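What follows is a short report on a single structure.
Just so we're clear, the structure is a prediction, and the values are computed from it rather than from any experiment. Whatever order the structure lists them in is the order used to number ligands and atoms, beginning at 1.
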Amino acid sequence: MAGNNPIEPEKNLKNEYLKLVTTLKKPLTSHENRLFEQIQTKFSKKGFRLDINTSEIIVYLQAIEFEVFRDYILDLLADLEKNPESSPVDPTLFLKIIEEISRIKSYGIKGGKRWYVTYNDERKVKDRQSKVNRRGLYYYARNTTFSKNNNELPKRYENLIINDDSESVLKQLPDNCIDLVITSPPYNFGLGYDTSSDGVNWELYFNKLFAVLDECIRVVKFGGRIIINIQPLFSDYIPSHHIISHHFMQKKMIWKGEILWEKNNYNCKYCAWGSWKSPSSPYLKYTWEFLEIFAKGDIKKSGKSEDIDITEDEFKRWVVAKWSIAPERKMDHYDHPAMFPEELVTRALKLFSFAGDVVLDPFNGAGTTCVAAKKTQRKFMGIDISKKYCEMAKKRVKEIL
Ligand SMILES: C[S@@+](CC[C@H](N)C(=O)[O-])C[C@H]1O[C@@H](n2cnc3c(N)ncnc32)[C@H](O)[C@@H]1O
């Protein structure tokens, strides 16, 4: 195939083409080869190129009409199915290529084609860095008094789950000793937690929450991160995610970004429309929550390259800040009413921390953070006011080999 559609040496294609490699379990049959040739011929030699050898199919992608491309291949496969005389073809290879291309976010559409590279060149802001500096890079978080001297977490707290009030436990820790805080605090929705009351006056709620979060700011390292999973309470019109973010910014934490956690289920359990079919006061419905991410002192976190454990594919997918992850399905089993799923924490850990880092969850619940941290070779510390939840968390952590 390479001979029929010569591809320039890879170095010439580097910036012009996106390269997708699919490994072959066995060499293609001559019939499969012919089909790929047909696909190559059909689609512009410039926007889409194939290079096939005995062990891999390499797609060089610049710009294609994706829907036309997809339908063309699906039609080819459908024709083959209708014609049992033809030599067998493995459709999964063709489908995999369609799927991989469909997962890539294009830069935009030009001339009817989706562009996967270079399109942005013409839109690039000139002198971006000097413009950023002129506007005032995170101006709300400048001139901090944060110390740059980081400390070790005392060994006695390492991989520990503590049953107590997190504010009082955190007060015992030294400054700057935690790499990453990730937590989902009580939302004040009125859930039936084991020990703590959830559903108090909002001022009381935020006073207590901020007392804990201020301790988190103190104990997190310079360059460390705090990630808060939170859902606003729509029926009270309380934008908790904004209120919390505002608090962090007042404390001179840098807003690193926000991830929309798409749960694909409605948050309100009842059929709330507000003013039915009237603009008087419609009630908006949401199927997602937020992860608000803050950095202390610096948006860059130092770490060794050998401690990076995120793959290229994961990085590409997870920096797109909308994560579709189903809610935790085993809350009954873990006997906790408001858990976040392990996948959510695992992604956050791999994207925002290094293997070997110290991770803290001050509202640890049934220990999902500790489980994800242990499985990804991070150190952990979890605190929860409920003895019952702490016992469950310890059990879950112990079960990991
Ligand atoms: C939303 S849940 C966290 C669930 C956890 N993310 C999980 O996946 O299991 C909030 C937790 O905060 C705990 N909590 C409430 N007030 C606390 C406090 N002052 N100190 C420590 N934990 C507290 C509750 O017991 C509850 O388990």
Residue pairs passing the salt bridge (Lys or Arg N to Asp or Glu O under 4.0 Å) test with at least one member in residues 136-156, sequence neighbours excluded, are K155-E158
Anything under 3.5 Å between an N or O on ligand 1 and a protein N or O? List each pair with its distance, or write none.
| from | atom 1 | to | atom 2 | distance (Å) |
| --- | --- | --- | --- | --- |
| ligand 1 | 8 (O) | F340 | N | 3.2 |
| ligand 1 | 8 (O) | T368 | OG1 | 2.6 |
| ligand 1 | 9 (O) | A366 | N | 2.8 |
| ligand 1 | 19 (N) | D165 | OD1 | 2.8 |
| ligand 1 | 20 (N) | S166 | N | 3.0 |
| ligand 1 | 20 (N) | S166 | OG | 3.2 |
| ligand 1 | 22 (N) | I385 | N | 3.1 |
| ligand 1 | 25 (O) | D384 | OD1 | 2.8 |
| ligand 1 | 27 (O) | H336 | NE2 | 2.8 |
| ligand 1 | 27 (O) | D384 | OD2 | 2.8 |

Are C216 and L170 packed together at the side-chain level, in the sense that at least one heavy-atom pair is separated by less than 4.5 angstrom? yes
Please state whether the rings of F234 and Y286 are parallel, tilted or perpendicular, taking 30° and 60° as the class boundaries. parallel
Please tell me whether E262 and T287 have a donor and an acceptor in their side chains that are separated by less than 3.5 angstrom. yes
Working for ring-ring contact (aromatic ring centres under 6.0 Å, His included), residues F206 and H247: CA-CA 10 Å; F206 282 116; H247 181 79; 9.2 Å; no
Between K96 and E99, is there a side-chain N and carboxylate O pair less than 4.0 Å apart? no
